[in-house]
Structures are given as structure tokens and as C-alpha cells.
Amino acid sequence: QVQLVESGGGLVQAGGSLRLSCAASGSIRSINAMGWYRQAPGKERELVASGTSGGSTNYADSVKGRFTISRDNAENTVYLQMNSLKPEDTAVYYCYANRIRTLTGRYLVELWGQGTLVTVSS
């Protein structure tokens, strides 16, 4: 069974930093893109950052210059380094992966983690 397991959320003061991790477990051959979405209370889920296996990255304008996404393709893990955090970054952060191929021949269009809460206090 392929799944995404997130870690690293928590409570931090404004201006602080957190690092989120997401590891894909299971018999995985390849993953196209991995990244992070977030959903704040009363708001829609939005893309925070994504990275492809080829090294391309994409960021929401609101986090550019503060957040950095990185991947370890060998370990099927994606990280999100979040610096200079603001109260408006408070949200549940969801890891996702798309176009997953397993060693058993399965193809998954996309997969989501369970979410990790990030709270930034002012």
C-alpha cells in the first residue's frame, strides 16, 4: 500500500521557522511531482509549492522567498523549509504526490497525506 506520511508541523512564533517532511512509503518505482497544499480555516485549499522529479519547482506568490521545497528522489521524500513565518501561514498543510508508478505495475493519479497543522502566533 502506497501512502504519504507527513511530519514537522507545530506551533511557532511569527518570524520563526519550521520544516515539514513527507515520505512516500510502499513499493514505489517513480513519482512525478510532490508538493504541498494548505488549507486555512474558512478558505479553499491552495498550492504552496511543488517540485517535479526533474527538479522544476513552483511556488505560490505568497511564500516566494520564504519557503523552499526540496526532494530526495531516492527516498521518495519531499521537504518544505518555511522561514519568516507569518500568522497568515497558519493552516493545515497537506502533502501530495502525482503520477505514481509502483513496482507491482500500479499507476496512481494522485495521493494525499493526512495533513499536518502549522500554527503561527503573532
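- Without hydrogens or angle criteria, N98 side chain to A33 main chain gives a donor-acceptor distance under 3.5 Å.
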task: Determine, stepwise, if the pair L80 / R38 fulfils side-chain contact (heavy atoms from CB on, under 4.5 Å).
output: CA-CA 12 Å; L80 185 68; R38 68 185 179 186; over 6 Å; no
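- Among pairs with a residue in residues 98-122, none fulfils salt bridge (charged side-chain N to carboxylate O under 4.0 Å, His left out), at least two apart in sequence or across chains.
- In this structure Y96 satisfies the ring pair (Phe, Tyr, Trp, His ring centres under 6.0 Å) test together with Y37, W112, sequence neighbours excluded.
- Contact record, I69 with G35: CD1-CA, 3.8 Å, taken as the closest heavy-atom pair.
- Evaluation of the side-chain contact (heavy atoms from CB on, under 4.5 Å) rule for Q114 yields E6 as partners, not counting sequence neighbours.
- Residues that satisfy the side-chain contact (heavy atoms from CB on, under 4.5 Å) test with S25, not counting sequence neighbours, are Q3.
- Side-chain contact check for T68 versus Y79: every heavy-atom pair is 4.5 Å or farther apart.
- Taking 4.5 Å as the limit, every side-chain heavy atom of M82 sits out of range of all side-chain heavy atoms of V120.
- Of all the heavy atoms in S17 and N83, the pair that sits closest is OG-OD1, 2.9 Å.
- A24 and I31 make their closest contact through CB-CD1, 3.8 Å (heavy atoms, listed as atom of the first residue, atom of the second, distance).
- Between W36 atom CH2 and L47 atom CG the span is 12.5 Å, to the nearest 0.5 Å.
- With hydrophobic clusters built from ILVMFWY side chains whose heavy atoms lie under 4.5 angstrom apart, Y94 does not share a cluster with L18.
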field: Stepwise side-chain contact (heavy atoms from CB on, under 4.5 Å) check, L20 with V118
entry: CA-CA 9 Å; L20 304 183; V118 172; 4.1 Å; yes
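- Here S122 pairs with P87 under the side-chain contact (heavy atoms from CB on, under 4.5 Å) rule; sequence neighbours left out.
- Across every non-hydrogen atom of V92 and G115, the tightest pair is CG1-CA, 3.8 Å.
- Taking CG of L108 as the start and CG of N32 as the end, the distance is 13.0 Å to the nearest 0.5 Å.
- Annotation: side chain of F67 is in contact with side chain of L85 (closest heavy-atom distance under 4.5 Å).
- Within the structure, every pair that satisfies the salt bridge (charged side-chain N to carboxylate O under 4.0 Å, His left out) test and touches residues 53-73, not counting sequence neighbours, is listed here: D61-K64, R66-D89.
- Minimum heavy-atom separation, L4 to C22: CB-SG, 3.8 Å.
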